[in-house]
Each structure stands twice: as C-alpha cells, then as structure tokens.
Amino acid sequence: MTELLGRFGLTSPGQGSGGGTHKASVTPWTAAAGVAGELHTGLRDALTDLDAAHENLSQRTKGLSSTASLASIRTAWAGRLGDVRDECARLQKSLNAAGGGYGAHDAHVRDGFDAARGTWETGSSAQPSHGAAHGER
Amino acid sequence: MSIDNLRDLDRSAITEAAAGWSKVSNRADAAMRRVNHEMLRRLNETQQGEGADSAISALKQLSRNYEYIHAECGLIRTALDGLADELAAPQRKLREALDEAQQRGFTVGSDGSVTYPGEMLYGPDPGGAGSGERAPSGPEQGPPFLGSSGKDPNRAKAQDIADRIGSALKEAAEIDGRYSRALARLTTARGLTVDDAVWRDAAQDMAALRKAAGAHVKLSGVPKGASPQRNAAWWKGLTQEQRDEYTALYPDVIGALNGIPSDARDSANRLVLAETRSTLASTLASLPENDANKLQRKLIEGQLKGMEAIQNRLDSAGVDGMPDRYLLAFDTRGNGHAIVATGNPDTAQNTAVYIPGTHAKLESINGDLNRSDLLWRKSLKVDPNRSTATIAYLGYDAPQSIAPSAMSRSYADHGAAGLNNFMAGLAVAQGGDDKSHTTLIGHSYGTTLIGSAARHGHLSGDDVVLVGSPGVEVGNAKDLDVGKKHVWSEAAGDDRIPLLGKVFTGLPGREFTVDTWHGVPYYAGWSAEVPSDEAFGAHRMRVDTSGHGGYWDTYPNHDSESLLNQARVITEHYGKVT
C-alpha cells in the first residue's frame, strides 16, 4: 500500500529517510492556501468591478479619443489581471497539496510550484499547462 | 470632438472609470501586504526544504506582481482623474457660451459659427475678436441695428461667443490628446514577468504622466523644506485618493517627507527602489565594458549591490523571527542614502537609531543592516515585554577615508540638519516626543554627526550611545541635548580611534577642564575631550570586545557586554548596564 501511495507521491514525509532539516507543518501551508484563495476571489471581483466602472463610458464620452486609448489598455490589463488571478488559484492548489492531509514530498511540492512557473517566466502568452506536476495521468 | 460631444460629455463617467482603477490599485497594494505578511512571512518562519523554497519564490513573484499592478493601475487612475478634472474648465466655458447664444437668440452651427438675427455670418476668429469678418452668406433679414459707433453690437457679441466656443474646443482637444497619449503608454503584457524591463517602463510611464498630469497633481502642492509638523499636517489633510496620487507620481518626494507615517514613506520608497534598481541595471547593461566606463560601471555596480541588500532585507520579514522592515528613505545621490527600520517605528515603545561612520555608503549597507537587526534582537532579549524598532541610518554622506576626510567636521556638519529633521519627524510620526523611548547609537564618525546635530540644532532623543568616538564637537556630555545622565560611551582598550581623534583631528570639542585618571587630576586647562575621557562626563560602559569594530560581537555561548550594554540603554534597563 505504501508503495502504491509512493508512486503517486502521497506518502507522508515522516517515512523513509527523515532528514534533520525537514520541519514541514500543516498550518502555515493551509493558511497560506486560504489567503491565496481569497486573493483569487479578490481579483475576480476586481475584474467584475472594473467592467462595471466602464459601463457606457463610450456613449457618455462620445468624441473623446482618450476613451479609445483606455479601451485598448483595459483589454491588456484584463488579460494581465486574469493571469495573476489564475496564478492565485494555482498557488492555492499547490499550497493545499503541500500542507494537506497526504503531506506531499518536498520534490513534488517544488515541482508543483516550479512547473507552471516556467511557462510564465518566459513571458509568453501561452496558457499554463494545468496539472503538469503531480503525476496526473 | 464636436461641440455636441464636449457639451454633452459626462465627466462623471470618466471619474467612475478612474474609481474602478483606483480600487484595483488599492486592492493590489493590500494584496501585496497580505502576500508578504500572511504567506511569505509564515513560510519563512516555519518552513524549510525544497518545497518551501519553491513556494517562497513563487510568492515573491506574486508579491512583485501586485506591487506592479498597484503602481501602474494607480497611474491609470491618476490619468483619468486628471482628464476629468482638466476637461471641466473648457466644458464649462463652452456651455456658458452656448447658453448665452441661446439667450440672445443666436444660432450656433455645428462648425462653431454663430449667426444672429441680422445678416452677417461670423465664424470663430483665430486672430482675436473683431478683426476677421467673413462674407455674409445668408439673405438679409432686415437692416442691421447700428449702434452709435456704427457697428451692430450683436456682431461683436456673436464674434465673442464664436471665439469662446472655438477656444474651448481647442483646449479640450489639447487635453484629450495629451491624456490619450499618456494612457496609451500605460498598457501591459500578459504573463507574470516583473523584471527590470517592466520596472524601467513603469518609471518612464511615471515620468511621462508627471508631465501630462502636472496641472492635476501639482508638485508645488507638496510642502518643501517644511517642518515635520507641517508635513504631517499636510498629509493628514489630504484625502486617501490624493495621497495615492502623490505617491504614484512623486514617490521620491513623498518618501523623503519627515513627519508622515512610516508606512506611507515605506510604500513610496519601495517604489523608488524598484524603479531605480531597474533603471540602473539597464544603464549598466548599456555601458560597454571599456576603460572609459570603468569608474561609472563600478559606481553603478556598487549602488546595485546596496539596493539588493536592502531589497533582501525588506523581503525577509519572518525569517528567524524578524519583524517587518520599513524603508524610510532611499536615494542614490552622493554616496547613496537609505534609512531602514526593523520593526514599526511609529508604534514601537523603544526606538534605536544606529548611525555608522567612515566608509559607510549604499554599497556596503548590508553590514549596517546586520548591526541594526542585531540590536533589535538583543533589545528583545533584554526586554521581551516591550516592542522595539531599530533603524539603520545612512542618511548622510559619511567620509570615505580616515585620513584626511574623517579628520574634518565638514561631513558631520553637512549631515546635522538632516539628522535633526529625521529625528524630529520620527517623534511627530510617533505622536509626540514622549511616545517612544528613543536612543541614538553612533559608531566612530557617526558619533561626530550626533554631536554636530546637537550643536547645530535640537537633537530629538532620550539617550545617546557613543561607540568608539573620535570626538563629538562638544567637550562635555551635558551639551548633547539629552542631558548628561543620558550619555553613554563605549571604547575598547585597544580601539585607537578615540585617541587618534583626540590628538590629531578637529573633531572633539574643547573644554576648560581638569583631566583626571581614575579620579586623580593630571592636567588642567583647555583640552580636547572625547566621550571616552572621564572629564567628558558620559557613563563609560564596560567593553569586553576588541578593536574599533568589535562592539557588536557575539560569541557562541554568550553575547558580549559591549553589545548587551547598548541593548540595555535602548530598553531603559539602565540598572543592568555594566
């Protein structure tokens, strides 16, 4: 059973060769995950509010070229804010997995944080590959 | 923009949009703090291992993203507020002109031309009122009324209205164009990258918006060279929106205002730090590596090193139980300046300001930050029941050589007013002189700065600790503004600086006094007194460390008395001082 769990990275860190420096405890991870979840909601709401704030702007400011500039940067920002919102969701998942009941191995935890990050750091506009790390099939 | 467009423009639609961006910006600032305090700090405090490192790295990036959103969306908010604000005047002028035309029974064409009952058709006169008549284009409706001057008064009035309409439209078009360009700059890219290029662009966006929105957010509105009390009152009188706008556009000015709350200074200076780092990194990258550029490259590299040290310190709240840091000042002028607080100085019961001496500069600030943190930890150790904030003060240009520079009072004298202003500002932000027990700890030439500050103005503080002092411009402890009982000295037996200072430099003050050695007089007359001399009158604390730099030494099993005595003064545990 342990072996089976091990293949899915689901054995707890206490088993096997326990290193002296590993002090993983559940609470800070899940607390951080909770905050990530709230931040995700916050950005989701912010995007909705931003849409509401621009309602009927062009009708109410006909002829204003600033409105057109604003519309184009707003599209860009909606994308960027969405990317950060999605990152919060991803972090919530990873933080929960790291501190959750199964107690993932450090390497899996690291992979969970690193894999999708690699996509972002290149600054590409490609969508993140979800579920890349945890051995999902 | 047509006459109808400007007349019907709903400016509140623009301010509503601005409010939307303001919300995004403010939420992002709050979110950044949550990431730093509730996520990064907790993980720093308790976690180790690869998994934690990765998480911390991702969270730092998230924090930077929020910082970036806060800055840029704040600029968008300011641009929109400025646009709405500036359009008010031309819109009002247009509406007044149109109202007047209507009252007089004039007709305004869509091209801005104004006709009146009578015959002449007048368009807007580019050269001014009265001179540019157009040919009549309509059938005569009757003889014009001729006033005593032989001119139809309606004609002049129509011309005036046409001119006002034309100028309002022109003004509005200029404003619209200016803000449209400013807004177009404020775009962003997809993804999560917040690197040097991103911050450099943000810095340029800020500079551009300063110009574009200068009439809306006036730099002249910020108090200049005013007292900390005045600065605090000004800040208090602003709306939160106004504070955000000033911080977004002039973070370097706001961050340097003594007297305003520490978190406001911290927000502003963190933005300056991020943008300065990125801009300098780009400058460095663009400088070819050759002999001509060698000095400049070295200077920039040094500054970047110092900035990195500061950023790391700001990022490490929670590591080893350390509290939040506040960047109270930052700039790269002269040798580079920074003032970094460990713990919140506005609310701390004990405050200590550590002032380094010769050779101190931005490049090597890490050592000073280490000492400040050490004093924080030891103060907590001596008195766990009271809160402490320690501040590393690199707010002056320290001499960069012992000889000849540090032999001169000039560096101290130039920095004196700045230190006094800073200390006064601390007291104001704390809510009064009596709110926090404040100790200044000078090392080496840093003590000379303290002495100069006391001599040239009023040094705000409760206790003064003078470590390895070569002289403090006054010859007696009673002249240091805090009262003789509150002056403490440390000098190691093998620290040569005090003697060198006393004999070879102009730093010490002179007193007509009797010099004693263990109470036995050996000289009477004018002599230079340094704080470690008996005649100076300071409490001379026990030193069990060696040399000019050992006063903060800790040993594997115990802390030095040199260090602990400083902590005892900081925490008012005078009875424990050895």
Side-chain angles (χ1 to χ4, degrees), chain A residues 19 21-25 27-29 31-32 35-36 38-39 42-43 46 49-50 52-57 60-70 72-73 76-77 79-81 83-84 87-88 91 94-95 98 104-114 117 120-125, chain B residues 1-2 4-6 8-14 16-21 23-24 27-28 31 34-35 38-39 42-43 45-55 57-59 61-62 65-66 69 72-73 76 79-80 83 176-177 179-181 183-184 186-193 195:
Chain A
T21 59
H22 192 100
K23 299 196 296 189
S25 46
T27 315
W29 291 93
V35 178
E38 287 169 22
L39 294 177
L43 272 169
D49 290 347
L50 201 58
H54 290 76
E55 211 175 302
N56 298 324
L57 178 63
R60 293 157 77 187
T61 60
K62 286 200 189 117
L64 203 60
S65 57
S66 292
T67 308
S69 291
L70 179 60
S72 99
I73 66 171
W77 276 100
R80 178 87 186 197
L81 293 170
D83 292 341
V84 182
E87 171 72 352
C88 289
L91 283 171
S94 300
L95 288 163
H105 281 301
D106 262 347
H108 278 278
V109 170
R110 179 202 64 214
D111 289 345
F113 287 110
D114 280 348
R117 262 191 70 222
W120 295 122
E121 293 227 284
T122 58
S124 72
S125 57
Chain B
M1 206 184 326
S2 70
D4 289 354
N5 288 157
L6 182 56
D8 298 337
L9 186 93
D10 183 357
R11 286 183 314 113
S12 64
I14 304 173
E16 280 164 32
W21 290 99
K23 240 167 135 180
V24 172
R27 272 175 161 159
R34 290 199 73 187
V35 173
E38 298 177 45
M39 300 170 87
R42 284 210 186 112
L43 292 192
E45 274 168 359
T46 63
Q47 302 303 306
Q48 289 176 4
E50 286 177 37
D53 287 345
S54 270
S57 186
L59 287 173
Q61 188 188 46
L62 183 65
N65 266 286
Y66 277 121
I69 293 169
E72 285 283 282
C73 294
I76 297 174
L80 292 172
L83 174 66
D176 184 25
Y179 278 99
S180 182
R181 282 188 299 279
L183 281 165
L186 298 173
T187 188
T188 185
R190 294 294 301 272
L192 297 172
T193 306
D195 60 6

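Below, read A as the first sequence line, B as the second, and so on, with proteins coming before strands; counting in each chain starts at 1. Just so you know, these numbers come straight off a predicted model, no measurement behind them.
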Spacing of [X] atom [atom1] and [Y] atom [atom2] [to the nearest 0.5 Å]:
X	Y	atom1	atom2	value
B/Ile69	A/Leu81	CD1	CG	5.0 Å
A/Leu43	B/Tyr66	CG	OH	4.0 Å
B/Met1	A/Ser65	CE	OG	7.0 Å
B/Glu72	A/Ile73	CD	CD1	9.0 Å
B/Thr187	A/Leu70	OG1	CG	11.0 Å
B/Leu83	A/Thr61	CG	OG1	8.5 Å

Among [options], which has the most heavy-atom pairs under 4.5 Å with chain A?
options	result
B/Leu80, B/Asn5, B/Val35, B/Thr188	B/Thr188
B/Ala18, B/Ala13, B/Ala31, B/Gly20	B/Ala13
B/Asp4, B/Leu9, B/Leu6, B/Leu59	B/Leu9
B/Glu38, B/Lys23, B/Arg11, B/Arg34	B/Arg34

Student check: side-chain heavy atoms of [X] and [Y] closer than 4.5 Å:
X	Y	value
A/Leu64	B/Ile14	yes
B/Glu16	A/Arg60	yes
A/Leu39	B/Met39	yes
B/Asp8	A/Lys62	no

Region of A/Ala36 in contact with chain B, defined by heavy-atom distances below 4.5 Å | both
Looking only at heavy atoms, what is the nearest atom pair of B/Ala55 and A/Trp29, with distance?
-> CB-CZ3, 3.8 Å
How far apart are the closest heavy atoms of A/Ala46 and B/Arg27, and which atoms are they?
-> CA-NH1, 3.4 Å
Checking heavy atoms, do the side chain of [X], its backbone, both or neither come under 4.5 Å from chain A?
X	result
B/Ala19	neither
B/Leu183	both
B/Ser2	neither

Could you check which of A/Ser66, A/Ser69, A/Cys88, A/Gly63 has the highest count of heavy-atom pairs closer than 4.5 Å to chain B?
->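 Going by pairs under 4.5 Å, I would pick A/Ser66.
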Could you walk me through whether A/Trp77 and B/Ile76 pass the side chain to side chain contact (heavy atoms under 4.5 Å, CB included) test, one step at a time?
-> CA-CA 11 Å; A/Trp77 276 100; B/Ile76 297 174; 3.6 Å; yes
When you measure from the side chain of B/Arg190 to the backbone N and O of A/Ala76, does any donor-acceptor pair fall under 3.5 Å?
-> no
